[in-house]
Amino acid sequence: MKYWLMKSEPDVFGSEQLQAMPKKISAWDGVRNYQARNMMRDEMKKGDQVFLYHSSCAEPGIVGIMQVVKEAYPDHTALDPEAKYFDPKSDPDHPRWFMVDVQFKRQLQRTISLQELKQHALQLGDFILLKKSNRLSIMSVTAAQWSYILKLESDPTSR
DNA sequence: GCCAACGTTGGC
DNA sequence: GCCAACGTTGGC
């Protein structure tokens with residue numbers, strides 16, 4: 001089983017919206033970046049655990065935990081001219097963009113903010129999220145990073 | 001294949 | 001709203 005982090009603006013895939021979905025399951029559509037797509041398409045497996053990260057908001061940070069419940073399949077919104085992330089070069093016979101289904105598992109007891117994560121940069125090692133001007137919306141997380149962050153969640157002395 | 005122009009991301 | 005960094009596009 002692998003671990004991941006997926007970024008979204010709260011009003012696109014926010015923890016509240018995800019929890020309101022039937023069975024708390026949602027397709028993670030709209031990824032239009034090749035590196036992120038490749039990870040979703042080639043490496044994400046059913047059962048993988050995912051941190052939900054809120055970006056471009058008052059307090060960017062990790063807010064919840066999701067699970068991959070359906071492996072990559074073509075992102076049909078790329079073919080819909082009305083869709084926000086319509087891609088005119090997309091071809092139904094050779095899909096260019098893919099998505100997975102994720103199920104929201106739980107909200108963290110508190111947001112582990114980017115600011116707090118930065119203070120643990122040393123312990124988190126080579127954490128892609130903390131790399132300067134990193135814009136990747138999907139990234140892998142090591143088992144060590146995963147458990148370290150979960151420990152932060154319940155550590156009242158950290159902040 | 002180069003590279004300038006452009007659009008997007010995302011923290012601040 | 002600003003702006004640095006980055007990815008993509010397209011002319012050459």
Side-chain angles (χ1 to χ4, degrees), chain A residues 2-21 26-44 48-66 68 72-102 104-142 145-146 148-153 155 158-159:
Chain A
K2 288 204 179 77
Y3 300 98
W4 305 93
L5 180 146
M6 291 166 104
K7 276 185 203 167
S8 173
E9 297 182 23
D11 56 356
V12 180
F13 292 117
S15 54
E16 281 165 38
Q17 293 93 314
L18 289 169
Q19 290 184 78
M21 302 294 278
S26 174
W28 197 270
D29 62 17
V31 172
R32 299 291 181 268
N33 169 280
Y34 290 105
Q35 221 181 327
R37 177 206 67 182
N38 291 348
M39 281 187 283
M40 267 200 309
R41 189 190 56 186
D42 306 334
E43 294 181 53
M44 269 195 189
D48 285 0
Q49 304 285 109
V50 184
F51 280 136
L52 172 63
Y53 179 93
H54 281 177
S55 65
S56 301
C57 55
E59 191 185 29
I62 297 170
V63 298
I65 293 177
M66 312 184 289
V68 177
Y73 59 105
D75 181 347
H76 55 80
T77 68
L79 302 166
D80 174 8
E82 302 297 312
K84 185 180 177 195
Y85 294 107
F86 171 63
D87 176 7
K89 291 185 194 157
S90 210
D91 169 3
D93 295 328
H94 300 92
R96 173 187 302 223
W97 302 114
F98 289 78
M99 58 191 178
V100 297
D101 284 359
V102 291
F104 189 85
K105 302 304 280 187
R106 71 175 181 89
Q107 188 94 22
L108 294 193
Q109 295 163 39
R110 61 190 186 85
T111 298
I112 311 291
S113 68
L114 177 63
Q115 196 188 6
E116 178 174 349
L117 289 167
K118 281 178 178 170
Q119 289 170 9
H120 297 270
L122 228 57
Q123 294 90 328
L124 286 167
D126 222 9
F127 197 27
I128 303 165
L129 185 75
L130 301 179
K131 289 254 168 70
K132 191 168 177 279
S133 65
N134 154 70
R135 294 169 48 186
L136 205 51
S137 64
I138 297 176
M139 64 194 76
S140 76
V141 172
T142 67
Q145 288 160 346
W146 182 272
Y148 187 87
I149 289 165
L150 285 185
K151 256 184 277 173
L152 288 183
E153 181 193 9
D155 180 358
S158 165
R159 209 143 276 258

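First the proteins, then the strands, lettered A, B, ... as listed; each starts at 1.
Nearer to the 5' terminus of DNA chain C, by closest-nucleotide assignment, is the contact made by A/N33 (compared with the other of A/K89 and A/N33).
With values rounded to the nearest 0.5 angstrom, A/L124 atom CG is found 6.0 Å from A/L130 atom CG.
Of all heavy-atom pairs spanning A/E153 and A/Q109, the tightest one is OE2-N, 2.7 Å. When all heavy atoms of A/M39 and A/I138 are compared, the closest pair comes out as CE-O, 2.7 Å.
When DNA chain C is scanned in the 5' to 3' direction for atoms under 4.0 Å from non-hydrogen atoms of chain A, the outermost contacting nucleotides are C/dA5 to C/dG10.
Residue-level contact check: A/K131 touches neither bases nor backbone, having no heavy atom under 4.0 Å from any strand.
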N/O donor to acceptor pairs below 3.5 angstrom from side-chain atoms of residues 86-93 of chain A, sequence neighbours left out:
unit_1	atom_1	unit_2	atom_2	d
A/D87	OD1	A/K89	N	3.0
A/D87	OD2	A/W97	NE1	2.8
A/D91	OD1	A/D93	N	2.8
A/D91	OD2	A/H94	ND1	3.4

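In this structure, A/D42 does not pair ionically with A/R37, as no charged nitrogen and carboxylate oxygen lie closer than 4.0 Å.
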